[in-house]
Amino acid sequence: MASIVAAFSAFSSTLTTQFLVPSSSSSIFLRTLSRRSSPPLLRLSLTSPPLRNLMACASLGLTRPSNTETPKVSFASKEVDVVQWKGDLLAIGVTEKDLAPNAEAKFQNAILNALDSKLGGLLGQASSEEDFTGKPGQSVVLRIADGLGSKRVALLGLGASASSFAAFKSLGEAVAAAAKSAQAGHVAVALASSDAFSVESKLNAASAIASGTVLGTFEDNRYRSESKKSALKSVDIIGLGSGPELEKKLKFATDVSSGIIFGRELVNSPANVLTPGVLAEEASKIAATYSDVFTAKILDAEQCKELKMGSYLGVAAASANPPHFIHLCYKPPTGPVNVKLALVGKGLTFDSGGYNIKTGPGCLIELMKFDMGGSAAVLGAAKALGQIKPLGVEVHFIVAACENMISGTGMRPGDILTASNGKTIEVNNTDAEGRLTLADALVYACNQGAEKIVDLATLTGACIIALGSSIAGVFTPSDDLAKEVFEASEASGEKLWRLPLEESYWESMKSGVADMVNTGSRPGSAITAALFLKQFVDEKVQWMHIDMAGPVWNEKQRCATGFGVATLVQWVLRNAS
């Protein structure tokens with residue numbers, strides 16, 4: 001990834017992900033996994049040189065992720081009086097307006113007033129003493145001796161108003177944090193004001209709360225010598241509806257959350273564990289688990305050479321860990337296919353920068369395990385969609401997985417690479433490698449007959465400079481595709497911002513000896529990176545590039561976010577029948 005400079009400094013509740021780290025007793029086969037009876041397209045035996053390399057490098061440091069179990073949280077809809085509910089923790093989502101006092105200086109809101117009356121005014125007193133005003137992130141938690149069925153009551157701030165998916169997802173995360181602090185096993189969530197909500201709004205709020213609770217409960221403890229199990233087992237959602245529609249929404253929330261957690265685990269895993277081969281194995285597991293809708297094809301270096309993927313193979317050439325080109329294909333379990341989509345994710349499991357090595361403060365070389373964040377989003381979406389099984393849509397999930405390292409066999413500044421569409425690229429910076437791998441991946445996606453392509457990549461530090469660490473940059477020449485994806489991001493709560501594809505900037509990408517260079521001038525470098533990718537997409541195909549270098553990582557928590565998974569799932573569903 002082109003240097004991300006100091007800018008970065010200033011469920012399905014049964015999910016268990018276990019990375020395969022081969023040992024001498026392992027028996028690994030990477031093959032085409034299909035619900036049909038066709039023979040495997042690729043088989044690599046453990047005795048082949050590539051797998052010996054994978055085995056040696058994947059066990060570097062003797063680190064193996066432990067078999068930790070993701071917390072299993074069940075959700076149920078309830079229509080009960082919150083005062084009568086019995087359990088460990090009753091959490092109430094409160095807006096600033098809900099805290100308005102009545103003429104007697106008590107809560108005007110009916111639910112808060114009822115709770116405060118049962119507690120002899122303690123709730124109002126605590127809110128006042130702790131200066132709780134309902135702002136986002138604020139909370140008040142009371143331990144109750146008697147008066148209520150619940151052992152604790154928590155007021156959790158929602159801000160001036162709450163109507164978005166992101167607001168209610170944050171509420172779910174706050175519920176998870178309060179439950180963890182109280183070691184609560186049985187929790188209920190209600191909104192102080194939900195009477196004005198439509199039926200659909202209530203369903204969406206319940207889904208967002210469930211998603212936030214699952215994601216907030218999750219902790220990636222696979223690489224810790226000791227870890228504490230979550231106490232949270234069940235959550236009752238009160239006053240937001242009931243019946244089959246709500247059950248469907250809650251299942252959808254846990255399905256998508258399982259994909260997000262899978263994406264987080266992939267990005268969190270260090271490069272000495274998650275090699276390109278292990279990433280391919282994880283992709284193959286998805287196809288094996290959901291073999292009724294998925295097939296998998298994993299191409300080795302020789303097969304990529306036959307497809308003339310010189311741009312991708314140029315990046316991979318320096319590493320002792322061989323490249324693995326991943327192609328999962330989703331087809332609906334029944335009915336016709338009305339549209340073909342492709343999701344392409346950048347899959348650099350480690351990026352040293354190559355001969356233009358990352359050096360100096362703020363270069364973030366120690367975090368370059370996250371340079372496969374685009375592939376994590378794509379594979380996380382695949383996992384979620386394998387559970388949801390939408391109809392009418394065929395989806396190709398494509399990752400050109402490799403490492404960008406330094407050796408005598410690696411590409412050098414000044415080398416000229418030839419991509420699979422015949423275009424030549426003069427490498428003027430080996431640290432702008434992600435676009436080189438994506439070039440061949442995009443050509444491959446077009447060759448699958450995809451009508452719409454979305455690629456995701458931790459591509460440029462320039463995008464972080466422009467949009468910060470919470471917003472991904474979007475580039476597309478298609479207004480229709482932009483509309484679809486932005487609607488999907490609004491439903492998912494993930495933040496995107498469209499940036500221009502300024503064609504005049506292409507002037508700085510011209511080479512004196514090849515069709516193009518791989519980096520242009522520093523100003524507008526996120527735009528020139530997108531213009532570079534555009535050279536490898538068929539003009540008849542609707543295409544979008546998402547630069548997610550900022551939101552892939554949570555610097556405060558020092559872990560992956562799972563960004564992109566939810567938006568991709570929502571986009572695919574909007575294209576499904």
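All of these numbers come straight from a predicted model, not from anything done at the bench.
D351 contributes atom CG, which lies 8.5 Å from atom OG1 of T430 (distance to the nearest 0.5 angstrom). One distance of note links CZ of F294 with CG of L385; it measures 6.5 Å at 0.5 Å rounding. The structure places CD1 of I260 at 12.5 Å from CD of E265, a figure rounded to the nearest 0.5 Å.
The existence of a salt bridge linking E494 and K169 is excluded, since no basic side-chain nitrogen approaches an acidic carboxylate oxygen closer than 4.0 Å. A salt bridge links E433 with K346: at least one charged nitrogen is closer than 4.0 Å to a carboxylate oxygen. Using a 4.0 Å cut-off between a side-chain N of Lys or Arg and a carboxylate O of Asp or Glu, R498 and D479 qualify as a salt bridge. Electrostatic pairing of K483 and E487 counts as a salt bridge here, judged by a charged N lying under 4.0 Å from a carboxylate O.
At least one donor-acceptor pair under 3.5 Å links the side chain of D440 to the backbone N or O of S311. Side-chain atoms of N321 do not come within 3.5 Å of backbone N or O of C402 as any donor-acceptor pair. Formation of a donor-acceptor pair under 3.5 Å by the K369 side chain with backbone atoms of N268 is found in this model. At distances below 3.5 Å, not a single donor-acceptor pair connects side-chain atoms of Y330 with backbone N or O atoms of F397. Judged purely by atom type and a 3.5 angstrom limit, S211 has no side-chain atom pairing as donor or acceptor with the backbone of A208. At distances below 3.5 Å, not a single donor-acceptor pair connects side-chain atoms of E281 with backbone N or O atoms of G277. No donor-acceptor distance shorter than 3.5 angstrom exists from the side chain of H396 to the backbone of E394, with no hydrogens or angles considered.
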Q: Tell me, with the steps shown, if S269 and R222 meet side chain to side chain donor-acceptor pair (under 3.5 Å).
A: CA-CA 9 Å; S269 289; R222 294 167 302 142; 3.3 Å; yes
Q: Evaluate the criterion side chain to side chain donor-acceptor pair (under 3.5 Å) for residue pair N554 and T561; output intermediate values, then yes/no.
A: CA-CA 6 Å; N554 185 319; T561 62; over 6 Å; no
Q | Steps toward salt bridge (charged side-chain N to carboxylate O under 4.0 Å, His left out) verdict (E503, K534) | A | CA-CA 11 Å; E503 293 290 345; K534 186 170 178 279; 3.3 Å; yes
Q | side chain to side chain donor-acceptor pair (under 3.5 Å) assessment of Q387 paired with S258 | A | CA-CA 10 Å; Q387 298 168 77; S258 74; 2.8 Å; yes
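Counting only heavy atoms from C-beta outward, the side chains of L379 and L279 approach each other to under 4.5 Å. Inter-residue side-chain proximity for L456 and L568 is flagged as met; some heavy-atom pair is nearer than 4.5 Å.
Using a 3.5 Å distance cut-off with no hydrogens or angles, the side chains of N404 and S352 do not pair a donor with an acceptor. For the residue pair T409/S407, the side-chain donor-acceptor check at 3.5 Å is satisfied. A donor atom on one side chain and an acceptor atom on the other are not found under 3.5 Å apart for W543 and D538.
Under the 30°/60° scheme for interplanar angles, the aromatic rings of F475 and H545 are found to lie parallel. Classified by interplanar angle (parallel below 30°, tilted 30° to 60°, perpendicular above 60°), the ring pair F370/W553 is tilted.
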